[in-house]
Amino acid sequence: MCGIVGYIGKRPIVNTLLNGLKRLEYRGYDSAGIAVVEDDNIKLIKKPGKVSNLQNSIEIEWPGYENIEFNLGIAHTRWATHGTPVEKNAHPHIDDKQSFSVVHNGIIENYSSIKKQLIKKGHKFSSDTDSEVIAHLISELYEGDFVKAVAAALKQLHGTYGVAVISKYHNDRIIVARKGSPIVIGVGNDEMIIGSDVSALISYTRKVIYLNDNDIAILKKNDIEIIDVENIPVTRETAHIDWDPASAEKSGYDHFMLKEIFEQPESIKNAIRGRLNFETGSPILQGLGFVPKEMVELSNIVIAACGTSFYAGLVGEYYFEDLANITTEVAQAAEFRYRNPIIQPHTMVIAVSQSGETADTLAAVREAKQKGALVAGLCNTVGSTIAREAGVGVYLHAGPEIGVASTKAFTCQVVIMLMMALKFGRSHRLSRQKGLEISKEITEIPKLVEEVLKSAQEIEKIAKKYASVKNAFYIGRGYLYPVALEGALKLKEISYIHAEGYHAAELKHGPIALLEERIPVIALANDVPGKDKIIGNIQECKARKSPVIATATAGDNEIEEHADDVIWIPKCSNFINPIPTVVALQLFSYYVAKEKGCSIDQPRNLAKSVTVE
Ligand code: G6P
């Protein structure tokens with residue numbers, strides 16, 4: 001949520017910051033700004049709207065900026081929490097003496113009391129944000145030692161922060177710090193690049209340092225010192241990022257979302273690669289690290305996640321119960337620590353998170369550890385906070401996901417949970433023969449997804465037909481019930497159509513009252529157990545005049561008698577069906593949103609990574 005960039009080094013400062021902001025724009029995009037130090041002054045510019053607005057203003061207000069030798073700079077792209085997305089609330093913020101400038105991600109919970117005290121001392125505030133207090137507080141506490149002032153200010157803050165601070169008195173350094181909001185430092189040759197995630201850095205360097213909570217780093221162009229808030233030096237390892245920078249480009253697609261939908265055969269192959277074992281039928285998931293005894297003793301699984309990852313968790317619940325015979329519960333990560341969950345002995349909590357930074361999922365990880373659970377992370381972003389704090393886990397290897405609406409991360413999460421269930425199943429009652437059969441079916445998934453992608457044009461035609469509706473229902477049963485929920489979420493996220501996902505049987509318990517000819521029902525009627533009942537549910541919808549779009553198994557032509565439109569899904573096992581089916585629903589949402597002219601990669605009000613509660 002919100003993007004932070006900072007740069008000190010030999011490259012043109014403003015261009016480097018703008019490039020970083022463009023890479024991070026998916027994290028928040030309602031306003032953007034830049035602050036640079038030029039000799040002994042801070043110059044600042046910020047604008048509501050997208051980074052391109054900021055760039056236009058810079059071109060007008062700082063003509064020839066490419067050739068100006070600024071010393072260093074920080075920049076920000078915002079997702080509003082406190083204060084509307086207008087110029088005064090955009091970051092960077094600066095104190096009224098124009099001495100310290102700050103970009104901040106997170107929420108300062110006690111900002112209002114700090115602000116009142118500072119106002120009494122004569123500070124004049126110019127925004128409605130919580131973040132502005134940080135700049136004023138540092139300025140208030142400054143007595144000639146920049147680091148000391150920042151550390152003293154941070155000690156007074158309650159809440160979460162990832163911050164980068166610059167000062168007109170110290171034109172050779174940027175100070176960054178984190179507590180609950182990620183900060184990554186890219187270490188180059190005579191240059192340091194800061195990002196709230198690695199996408200801002202990968203075109204410049206692959207050498208990165210992740211800060212831990214309470215770390216403060218003092219960055220000069222060829223030196224880095226890390227201390228904690230008590231001024232004790234700490235050592236953090238340098239990691240290597242192996243993402244290809246091209247993977248964060250659109251590569252000819254109209255939108256990142258479409259590119260990511262089409263990448264799924266490849267991303268799923270990457271998620272599977274080297275992990276299936278055709279000797280034992282038990283996948284090799286090295287990162288899980290649990291000893292066989294712990295696997296055998298495992299009696300409960302709790303999956304904690306938010307958003308799309310939560311729905312992937314619901315598919316996982318079926319896998320763990322069906323294949324591994326382990327009682328499984330899927331918890332809303334946001335509620336997990338507040339409802340004081342009962343963690344039985346031999347429970348594993350699996351935190352599912354594409355970004356690995358979602359605040360509520362991270363809090364669930366901490367609560368689960370506190371309660372003595374085995375904790376595993378299922379993250380896409382290597383080195384992310386959840387991945388590091390969980391200690392063990394499985395990476396998705398889906399590559400960077402830039403479109404705000406999650407697509408390839410969902411399918412990789414599902415495939416990995418299938419492999420985990422297979423592994424746990426093999427430690428319990430699942431036979432080797434069955435393990436081998438399922439392993440074989442997993443290898444077929446990329447081909448099944450390719451089949452669905454081949455029907456993109458037909459799906460587009462159907463999508464165009466329904467693009468003007470205001471409401472829609474998605475219904476499913478069994479393994480396809482969570483897919484109905486995810487399908488509805490995709491449609492509302494990017495097309496702003498009000499869509500609800502329901503268990504097909506639940507439709508009768510209320511929502512059916514809403515059905516009429518302007519409300520289509522997307523019925524997941526694939527040829528899997530429960531299909532006959534879904535056909536009954538389709539009849540109920542048709543009787544209320546709702547048009548029905550059905551997903552159906554290729555060759556099952558009977559469905560055409562019942563539905564107005566059919567999206568065909570290649571034949572596969574019951575438990576594999578969620579994957580090709582969700583891909584079809586992703587395409588459907590994409591084309592509806594495209595037809596409506598929506599901002600597909602950056603839907604209004606959403607952010608890719610939600611790092612506040
Ligand atoms: C945000 C994103 C969703 C995502 C959810 C959880 O709401 O817009 O696409 O599913 O966060 O994110 P995570 O990174 O934890 O999977």
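In each ligand, atom 1 is the first atom listed, and ligand 1 is the first ligand listed. Heavy atoms only: backbone and side chains are in, while hydrogens, waters and symmetry mates are out.
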| field | Pick from Thr407, Asp360, Thr361, Thr358: the one approaching atom 15 (O) of ligand 1 most closely through a non-hydrogen atom | value | Thr358
| request: Identify, by atom number and element, the atoms of ligand 1 in contact range of Val404, meaning under 4.0 Å from any of its heavy atoms. | output: 8 (O), 9 (O)
| query | Any side-chain donor paired with an acceptor under 3.5 Å for Ser131 and Arg78? | reply | no
| message | Check for me whether the distance between the ring centres of Tyr481 and His503 falls short of 6.0 Å. | response | yes
| request: For ligand 1, note which part of Lys608 has a heavy atom under 4.0 Å away: side chain, backbone, both or neither. | output: backbone
| message | Is a donor from one side chain sitting under 3.5 angstrom from an acceptor on the other, for Gln413 and Ser309? | response | yes
| task | Identify the protein heavy atom lying closest to atom 7 (O) of ligand 1, giving its residue, its atom name and the separation to 0.1 Å. | result | Val610 CG2, 3.8 Å
| query | Could you state the interatomic distance from CG (Leu491) to CD (Gln586), rounded to the nearest 0.5 Å? | reply | 12.5 Å
| note | The protein heavy atom nearest to atom 6 (C) of ligand 1 is Cys306 O, 3.4 Å
| message | So if I count the atoms of ligand 1 from 1 in the order they appear, which ones are less than 4.0 Å from some heavy atom of Thr308? | response | 10 (O)
| Any N or O on Gln413 sitting closer than 3.5 Å to an N or O of ligand 1? | no
| said: I'd like to know if Lys608 pairs up with Asp197 as an ion pair, taking the criterion as any Lys NZ or Arg NE/NH1/NH2 lying under 4.0 Å from an Asp or Glu carboxylate oxygen. | reply: no
| How far is atom 16 (O) of ligand 1 from its nearest protein heavy atom, and which residue and atom is that? | Ser309 OG, 2.5 Å
| request: Quick one: pull up CG in Asn214 and NZ in Lys179 and give me the separation to the nearest 0.5 Å. | output: 6.0 Å
| request: Using heavy-atom distances, let me know which of Ala607, Ala333, Ser353, Ser609 sits nearest atom 8 (O) of ligand 1. | output: Ala607
| task | Determine, stepwise, if the pair Glu357 / Thr385 fulfils side chain to side chain donor-acceptor pair (under 3.5 Å). | result | CA-CA 6 Å; Glu357 302 294 350; Thr385 313; 2.6 Å; yes
